[in-house]
Number of protein chains: 2
Amino acid sequence: MPTERTEDYLEALDVIISEKGYAQVKDVSKLLGVGPPSVTEMFQKLGETGYINYEKYSGVTLTSKGKKIAEKTRKKHDTLKNFLLILGVNKKIANEDACRIEHVVNPETMDRLTKFVDFAQHVGDEPRWLDHFKHFYETGEYRECPLKEQDDQ
Amino acid sequence: MPTERTEDYLEALDVIISEKGYAQVKDVSKLLGVGPPSVTEMFQKLGETGYINYEKYSGVTLTSKGKKIAEKTRKKHDTLKNFLLILGVNKKIANEDACRIEHVVNPETMDRLTKFVDFAQHVGDEPRWLDHFKHFYETGEYRECPLKEQDDQ
DNA sequence: GAAAATATTTTGGATACCCTAAAAGGTTGA
DNA sequence: TCAACCTTTTAGGGTATCCAAAATATTTTC
């Protein structure tokens with residue numbers, strides 16, 4: 001099992017590599033906000049454990065094992081972020097929270113959240129209940145769904 | 001800023017103390033699943049930093065500083081757990097996930113989630129859209145809200 | 001092609017956790 | 001009251017992460 005921090009590094013590597021083909025110490029250092037020695041140290045460990053192709057003083061790439069973790073993590077990240085955006089959380093915070101929650105959330109919860117995001121985005125424009133939630137969020141006023149006893153299939 | 005683990009310990013202490021008036025090393029050890037030496041070590045630190053009243057070999061209580069953190073954390077926990085239950089996550093997982101997410105979530109996100117839980121629980125029984133979500137979760141079939149262009153305020 | 005600039009690595013340390021084994025303190029019941 | 005039993009603490013270690021300073025490698029620039 002990769003640690004949380006391992007997932008963070010792999011995810012960052014995937015982002016960087018998808019943009020420039022390989023990643024350097026300084027890229028990861030900047031993206032994760034840690035010093036170069038920490039990155040080198042992690043590169044060494046990730047190299048030994050087969051998550052990345054690492055050779056001293058040269059750019060790294062992900063192995064398929066590393067790519068798998070990175071993609072799984074990015075997918076969780078995206079779902080969480082979309083979920084938070086639906087709730088109305090601002091972009092920056094949605095991103096930061098997604099980054100932290102992605103490491104600790106159970107697969108079953110992810111499954112529910114994924115479906116929830118699908119559900120909220122299923123129709124082209126915002127579903128009525130979501131409008132009602134936003135109205136409620138802003139005013140505290142609840143708009144009752146006008147249908148109550150019919151339509152239950 | 002208390003660390004995540006500090007929050008965990010304070011929350012556990014609050015739970016135990018609200019039941020028996022004070023907490024012993026063994027109680028926390030059992031509740032958090034860590035060995036007694038780890039608990040003693042943390043008690044010492046929490047004592048020094050003013051979160052608990054600690055004296056060797058005797059039960060501890062929370063200071064008001066500690067109680068404040070504990071309550072804040074428990075409140076977040078509850079909201080997260082309720083939110084996950086609304087989504088249909090099972091009780092055990094909802095609890096575990098709440099326990100981990102509570103430490104990493106931004107106040108703005110908590111605010112949105114709190115309102116969302118209120119919104120979903122506002123009417124006595126499950127709102128229609130939530131039924132629709134559950135139906136969608138189980139079957140992949142989307143039930144359109146039958147009202148579309150009317151009732152916009 | 002060597003000096004300057006930049007990037008990476010190594011070294012040596014720090015912190016926050018965790019643990020096992022052993023010692024010490026506290027409690028209790030015959 | 002004291003031996004046996006719990007409970008807590010101490011001692012000594014371990015891991016994962018971080019850092020600053022110094023050493024080394026690579027790249028750029030003149």
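Below, read A as the first sequence line, B as the second, and so on, with proteins coming before strands; counting in each chain starts at 1. This is a predicted model, so every value here is computed, not measured. Side chains included, hydrogens not; waters and symmetry mates left out as well; all remaining heavy atoms used.
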- Message: Strictly distance-based, threshold 3.5 Å: is any side-chain N or O of T73(B) a donor or acceptor partner for the main-chain N or O of I69(B)?
- Response: yes

- Do NZ/NE/NH1/NH2 and the carboxylate oxygens of D118(B) and K115(B) come within less than 4.0 Å? no

- Item | Among E4(B), E7(B), R5(B), side-chain hydrogen bond (donor to acceptor under 3.5 Å, both in side chains) partner for H103(B) | E7(B)

- Task: May I have the distance from E55(A) (atom CD) to dT26(D) (atom P), rounded to whole angstrom?
- Result: 11 Å

- Bend angle of the helix from dG1(C)-dC30(D) to dA30(C)-dT1(D), end axes from five pairs each (to 10°): 0°

Atom pairs under 3.5 Å: protein N/O with N/O of nucleotides 3-6 of chain D:
none

- Item | Minimal non-hydrogen separation, F133(B) against R112(A), with atom names | CZ-O, 3.8 Å

- Whole-Å gap separating P (dC17(C)) and CD (E4(A)): 14 Å

- Item | Main-chain N/O of E102(A) paired with K76(A) side-chain donor or acceptor, under 3.5 Å | yes

- Close approaches to DNA chain D from residues 38-53 of chain B, in residue order (heavy atom, under 4.0 Å): T40(B), Q44(B)

- Query: Just to confirm, is there a sub-4.0 Å distance from OP1 or OP2 of dT10(C) to any side-chain nitrogen or oxygen of K56(A)?
  - Reply: yes

- Query: Which residues, if any, of residues 7-25 of chain B bring a heavy atom under 4.0 Å of DNA chain D?
  - Reply: Q24(B), V25(B)

At a cut-off of 3.5 Å, list every protein nitrogen or oxygen paired with a nitrogen or oxygen from nucleotides 23-25 of chain D, distance to 0.1 Å.
unit_1: dA25(D); atom_1: O4'; unit_2: Y57(A); atom_2: OH; d: 3.3

- Note on the structure: Quick note, T3(B) side chain, CB onward, closest among dC19(C), dC18(D), dC17(C) is dC17(C)

- State whether R100(B) and D97(B) are salt-bridged, where the test is any N-O pair (Lys NZ or Arg NE/NH1/NH2 against Asp/Glu carboxylate O) under 4.0 Å. yes

Contacts table for residues 78-92 of chain B: side-chain donor-acceptor under 3.5 angstrom, sequence neighbours left out:
unit_1: T79(B); atom_1: OG1; unit_2: K75(B); atom_2: O; d: 3.2
unit_1: N82(B); atom_1: ND2; unit_2: D78(B); atom_2: O; d: 3.3
unit_1: N90(B); atom_1: OD1; unit_2: K92(B); atom_2: N; d: 3.0
unit_1: N90(B); atom_1: OD1; unit_2: I93(B); atom_2: N; d: 3.1
unit_1: N90(B); atom_1: ND2; unit_2: E108(A); atom_2: OE1; d: 3.4
unit_1: K92(B); atom_1: NZ; unit_2: E96(B); atom_2: OE2; d: 3.4

